[in-house]
Each structure stands twice: as C-alpha cells, then as structure tokens.
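What follows is a set of notes on a single structure, which appears directly below.
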There are 4 protein chains.
Amino acid sequence: MSKRDDILATAVRLFVEQGVENTPTAQISREAGVATGTLFHHFPNKDALVNALVLSVKESLLERIERDLDGVSGYRDQIRAVWLAVVGWAVEHPLLYRFKTQIDAMVQLDADTEAQLEAMFRDVMQLVRAGLESGTFKALPEDYLFQVMDAQLSQAARYCIEHPEVLDQPERLELMFASFWDSLAA
Amino acid sequence: MSKRDDILATAVRLFVEQGVENTPTAQISREAGVATGTLFHHFPNKDALVNALVLSVKESLLERIERDLDGVSGYRDQIRAVWLAVVGWAVEHPLLYRFKTQIDAMVQLDADTEAQLEAMFRDVMQLVRAGLESGTFKALPEDYLFQVMDAQLSQAARYCIEHPEVLDQPERLELMFASFWDSLAA
Amino acid sequence: MSKRDDILATAVRLFVEQGVENTPTAQISREAGVATGTLFHHFPNKDALVNALVLSVKESLLERIERDLDGVSGYRDQIRAVWLAVVGWAVEHPLLYRFKTQIDAMVQLDADTEAQLEAMFRDVMQLVRAGLESGTFKALPEDYLFQVMDAQLSQAARYCIEHPEVLDQPERLELMFASFWDSLAA
Amino acid sequence: MSKRDDILATAVRLFVEQGVENTPTAQISREAGVATGTLFHHFPNKDALVNALVLSVKESLLERIERDLDGVSGYRDQIRAVWLAVVGWAVEHPLLYRFKTQIDAMVQLDADTEAQLEAMFRDVMQLVRAGLESGTFKALPEDYLFQVMDAQLSQAARYCIEHPEVLDQPERLELMFASFWDSLAA
DNA sequence: TATGAATGAGGCTTCATTCAT
DNA sequence: GATGAATGAAGCCTCATTCAT
C-alpha cells in the first residue's frame, strides 16, 4: 500500500470518527505514519483530499452495484439488485458508507468532482428514469424520486451496519426492501 | 428583539450558510450587531449556543405539529397531519429546517439537550408506536421505522422548500404523502 | 504607547534588520511584548502591517518637509529646504529612513496605499514641476527627474546617517547639495 | 542550452517577477522543465544559485563596459562610454538589469562572491578614482561619489528600459548624461 | 448588561533540502 | 547526471474565550 493510500485510508477513518472539520491534517499524517509534508505532496490541500476520497468511495460503491446488477433481468429485480448491492457494500465497508453519508449531507464538493460523479452514475440514474417513464413508479418529480430513494437506501444501509445479522434473514430483508419499493411503486 | 435573539437569529442563518464549524463566533457577533463579549455573556460557549438553538428550533416545530394535530381523528389522518405540519413548517421556516437537518446529520449535542428533546417528542413517538402495535405499519424494527419516517419527511420538506408552489397543488401533495405512507403501511 | 504602536515600532526595526520577508510575524509579536493574536487583531495580515507602516513613515517625513519648507522663499532655497529636511529627518530617524528605502526598492503596496501616498505628496511634487515649467531644471522627462531626485536624496541621506558629523560641516553639506542641484539645474 | 543554464535563465526571470524570497526552488525547477533534485545537483543550495546568478550577471555587464571602453580616450568620453555601456546593456538585458537592482538593494551575498565582484570591477573603480584625484570631480567622499554614480546610472537605465526609443534620440540621451556628469563634475 | 482589546494554542500550508533509484 | 517522493521545521493566520472597563 502506497503512502498515498495510507493517507486516504487514515483520512476516511478519522473523518468518520471526528468529522472532516474536526480532523487536523496533522493527525491524518501522524496516524498514517507519514510526514506532514507528504500529505500535501499528494494532495494540494485538505479539500482536494476530501474530493479524492469521495471519488474513490463512490467508485467503490459503483463497482459493486454494476457487479451485482450484471445479468439480472426484470425491472423490480434490477432495482432490488441495486438496493441489495448498496446495503451489502455498506455492511462490508461501514467506514466508507458513513463517510459517504456525511459528505452527501454537508460538504460542498468541487464542481469538477461533481461533474465526474454525475458521469459515473449516469447509467444507474437512467435505470431509475426507466421506471418513471414506464409508469412503474409513482408520478413524482424526478429529482424528488432520486432523493427519496437515496434517503431510504441510507437508512436501510445504516440499520444493516448496526444489525448485520439481518443480512442472513431473508424475510426481514424482504420487508425492508418492500418499504423501499412501496414508497416508489405506483 | 433582544440582543440575545439577534444573536440566535444571526447564528442560524450563518450556520446554515457556512456550517457550524465554519462560522466564527466573531462573525455571529459582528453580523448581529453586538460585541464579541456579548455573545459569551448570553451563552457560556459556542456549544451552548448551538444547543440552545436546537432546542428553540425543535420547539417551534413541535408547536406546529401539536397545533395541526389538534382535533384530528382517524389514524391515517393523524399521521397525515403530522406530515403536513412538518412540511408546512419547513416551508415557512426554511432556515430553521435546514439547520435541523444539519444538526441531525452531524452535530453531537449535550446529553442534557438530548434528554429534553426526547421528552418533548414523547407523544409524537407514541403516536407512531401505536401504528406498529395495531399492525397498521409494516412489522419493521421500531428504530428503523423512525429513521425511515424521518428521512422521508426530510426529503419532502426539502423538496417543498425548493418548490413551494406544490403546497397549493393538493393532488401532488397527496402523491408525496402516499409515497411516505406506502413505505410504512403494511 | 499603545500595543499597536509597540507592534509598529518593533516591526520597522526588524524589517530593517532582517528584511520584510525574513521577519516572522511571531518574532514581531514576541519582541513587541504582545501575543501573536494581538498583531492580527490590529492588522488583518502581514501585508496590511507593512502598508500601515509605510503610510506612517511617509507621513512623518512629509511633516518634516512641510515644517522646514514653511516661510522659505526663493526657488533654489525651497528645493534646498526640502533636501535638508529629508537628510535631517533621515539622520533623526535612521530606522524609518532605511525602511522607506527598502520599500521603495522592493515591496508592492496596495493600490489604496499608493493612492493615499500620491495624495499626500501632491504639493511637494507640484514644487518640482514648477522648476521644470520655469526652465530652471533641465528639460528632462518629468518622471525621470523625480526618480533622479529621489535616488540622489537617498544617497545623501544614507551617507549622512553613516557620517552624522557632516550635518555640522556646512561646506561639505553645501557640496553635497551642489551635486544634487547640478544634476537637475539647466 | 544545458539544464544548468535553463535553471539560471528561469531563476532570473522568476526572481525579477516575484522577488527572490517569494520564488520557491520548486517553481524554478518546474518552469525550467527539470526535476527538483536537478537544481540541487547543480547548486548546493538556493543561496548558491543566487550568488552564481549575480556573478554571471555582473560579468555580462562588465564585458559590455570593457568592450565599449576599448579605444576611447579623453576622461569625459571614457566616463560617457561607461554610462552608455550600462544603459545599453540594461536595455538589451532588462531582466538582468532588474535582477541586479534587486540584489544591490537587498540581498546579502557570500563574502566570497563579494570579493570576486570587487576584483572584477577594480579597473572601473580606478577610473572613477582618477577623476577625484585629478580634481575633475567634486571633492566629495569617495564612497559617496560611487553611490551617487550608481544610483544615477540605475535611474537612467531604468528609464531607458521603459522608453527604449530614447536610445535613438542623441540629444535626449546627451541631456540625461549631462545630468549624470553635472552631479559629479567640479 | 455590554464592550472589544487581548490572548495563545492550534490549524493549514510552504518549501529548502535529501536520498534511494 | 537526473529524478521526484518524502521530510519536518517553520510561517501565517484563526478563533473561542477572558477580563478590565
């Protein structure tokens, strides 16, 4: 693992434990086992570190979604695959998940980062739009629908992180997904 | 408006615009038109200011909920009244709403404040529990249900703040509430 | 003497001894006997301190010039009075003089400071222009003339600081002024 | 052009644009198209780079003076040749000229460099001393005379850099030299 | 109640320099 | 000769808080 990766890994952990604003770059360097200057050799400033982290986290999530979506057919099953992918990913990477939540709620990202994220998730968003256009989903405004999905997913993920045993109880999982699906389905 | 209130009003605004950590007490004092010392005369420290703010914001929300709930009968209509109260309150006090969201996502409050909040919202939570016990709601874990409701409500409120015209379109509003209700109802 | 003045006085000294860039604000605070924060309470940043210093130094010089010019008549005598005022001021305030030289040579000032300086010295510059218009001075470009005068004056001042006894030797002083005058006179 | 020369050329430019203290060695390396280590491969440290630069600049000036002085007889014409050489050199190498000015005003050089410079300019200084001894110049202290000459020359050079057309207007050039000569001549 | 100058620990960042490749 | 990741001391500045008035 390169020093750059050490820094990124330490940063997520501390950001989640203490919040971005309450985590000094000096602490990140120290706990990553590198010199203060090394952090700034790899990232021009603290903000850039946060942005790089966001990209790497969302990329990890996206990979999981695409993997789990591969070969699934039937619209409800596809949405279910995405839902399970997010929840599964969150349970496997609780730190990354919590960081993603923090960021979505608070931090203002660079325009550049925002653009890259939009490009990355274009296909997934297209999947959701299909549900709207086919009338499978309620006739809600598109952006509202996205927000509701995101918020619902976040809660499911959070709950499963705290109660990982749920993942082995298909009927409870199905109930949670039902709550998700019902909030969207027409 | 007393100086204390000037400080509180300026603080919410700045906290929302810049985040709590990025808002110096000096800026609050300056924009509130008081001296730096005055802020610390009314609040022992910055954290106390934040906690006082949270209490006053949630109190304002609770008053609205209780007012709108008064005299409503029928379980679904009661839940609907709460939903409409929160959304209506958010549209009338967008700043307060945004502040509430920030706080819920990030800030660690005093144990004392947490206890007061719990006491304040006891009745509302009892209303939700009733839905679980009567089997009206899905058989989801209680805390999960609370989180889902909260997240759903937040999204509805956020959307209505950005598109206030929705409040005058009963059918769209009904559709949004349907999304909320369906996610909970058995 | 206020803390603000302590800071200014310490700053000129250190800037002259070490150069502006090589003088940490922390050293200024320490040697002025104030806390680091105090410096930044009075000046928004190091640059603002430098600019404030320049204004106060040039103001001191201007007062001396105006005092010594008061009541003098005859063009050559007036120019001589200015020359003597600058040299006398430099000998009395060697630190301020050296600081002025450094600044003139190197530092980029705020547009605002530049404007104030121009306004302050308008009358003195008008005196020089008179010499040009009356044909008393060589028909050199105006800005060139100003620069030559300034450079000549600087050298005279510097020499007199290092050899203050010259101020009591009228004939040597006259010879130095002659060198100045001859470089300008037609 | 060797990498060493690339570094030197980039360094003068940046030193002039930003000042020596405000120019990071990393920026020099980058804009010179070499690695950070390469700079320190050719110069033991930043100071050594500055000293090397000073020597090369002054050497370039001296060559020009000696070339233009060659074969000129008559004391005033010799002084005039030096004056013209400096001005001409400055116009041809404005960057080098500005760097020389900065250095003369501010930077502390190595004792070794100072000694070399003194040796290089011994002959030129001897030329000036001759004017003092013969009574051609005013009976001013020797060091004062040198400083005045230097300052005058600097202003002439600076003016001609900004108004290069002057070099083709013999009468204006003569007037400027007259100002120089008059300040020295008895 | 109200003021605002003063404090100083601590945050972010810079940069000359080293060294293994 | 050339590279560039790594270093860490040191610089500038912020800001919650105090206290004498």
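Quantities reported herein were computed from a predicted structural model and do not represent experimental measurements.
Atom-to-atom, CD of D/E21 to C1' of E/dT14 comes out at 14 Å; the value is rounded to the nearest Å. In this structure, A/L39 atom CG and E/dC15 atom P are separated by 17 Å, rounded to whole Å. Computed from coordinates, the B/L49 CG to F/dC15 C1' distance equals 15 Å when rounded to whole Å. Note: CZ (B/F43) to C1' (F/dT18) measures 18 Å, nearest angstrom. Atom CD in B/Q18 sits roughly 14 Å away from atom C1' in F/dC15 (whole-Å rounding). Going from atom CD1 of B/I7 over to atom P of E/dT1 covers 11 Å, rounded to whole Å. B/R4 places its CZ atom 10 Å from the P atom of E/dT1, with the value rounded to the nearest Å. If you measure from atom CG of B/D5 to atom P of E/dA2, you get 11 Å, rounded to the nearest angstrom.
Interface remark: the D/T36 side chain does not form any donor-acceptor pair with the E/dA16 base, using a distance-only criterion of under 3.5 Å.
Here the side chains of D/I7 and D/L49 are in contact, with some heavy-atom distance below 4.5 Å. In this structure the side chain of C/Y97 never reaches within 4.5 angstrom of the side chain of C/E92, judged on heavy atoms.
Closest to the side chain of B/A35, out of E/dT7, E/dG4, F/dA6, is E/dG4. Nearest to the side-chain atoms of C/T38 among the listed nucleotides F/dA16, F/dC12, E/dA6 stands E/dA6. Of all nucleotides listed (E/dT13, E/dG4, E/dT1), E/dT1 comes nearest to the side chain of B/H41. With distances taken from any side-chain atom of D/F40 to the nucleotides E/dT13, E/dA16, F/dA6, the minimum falls on E/dA16. Minimum atom distance to the side chain of C/K3 is reached by E/dA6, of the listed E/dA6, F/dA2, F/dA16.
A distance-only check finds a donor-acceptor pair linking the side chain of B/N45 to the backbone of B/A48 [under 3.5 Å]. D/S60 contributes no side-chain N or O that, together with a main-chain N or O of D/S56, makes up a donor-acceptor pair within less than 3.5 Å.
Other residues, nucleotides and ligands contribute more than 12 heavy atoms inside 6.0 Å of the CD atom of A/Q18.
Looking at which nucleotide of DNA chain E each of C/V34 and A/N45 is closest to, the 5′-most match is held by C/V34. The nearest heavy atom of DNA chain E to A/T23 and to D/P24 marks one nucleotide each, and the one closer to the 5' end goes with A/T23.
With a 3.5 Å ceiling on both atom-pair distances, the Watson-Crick or G-U wobble partner of F/dA20 is E/dT3.
B/S2 comes within 4.0 angstrom of no nucleic acid atom, judged by non-hydrogen atoms across all strands.
One finds no side-chain N or O of B/T25 lying less than 4.0 angstrom from the OP1 or OP2 phosphate oxygen of F/dC15. Using a 4.0 Å cut-off, some side-chain N or O of A/H42 falls inside it from OP1 or OP2 of F/dA6.
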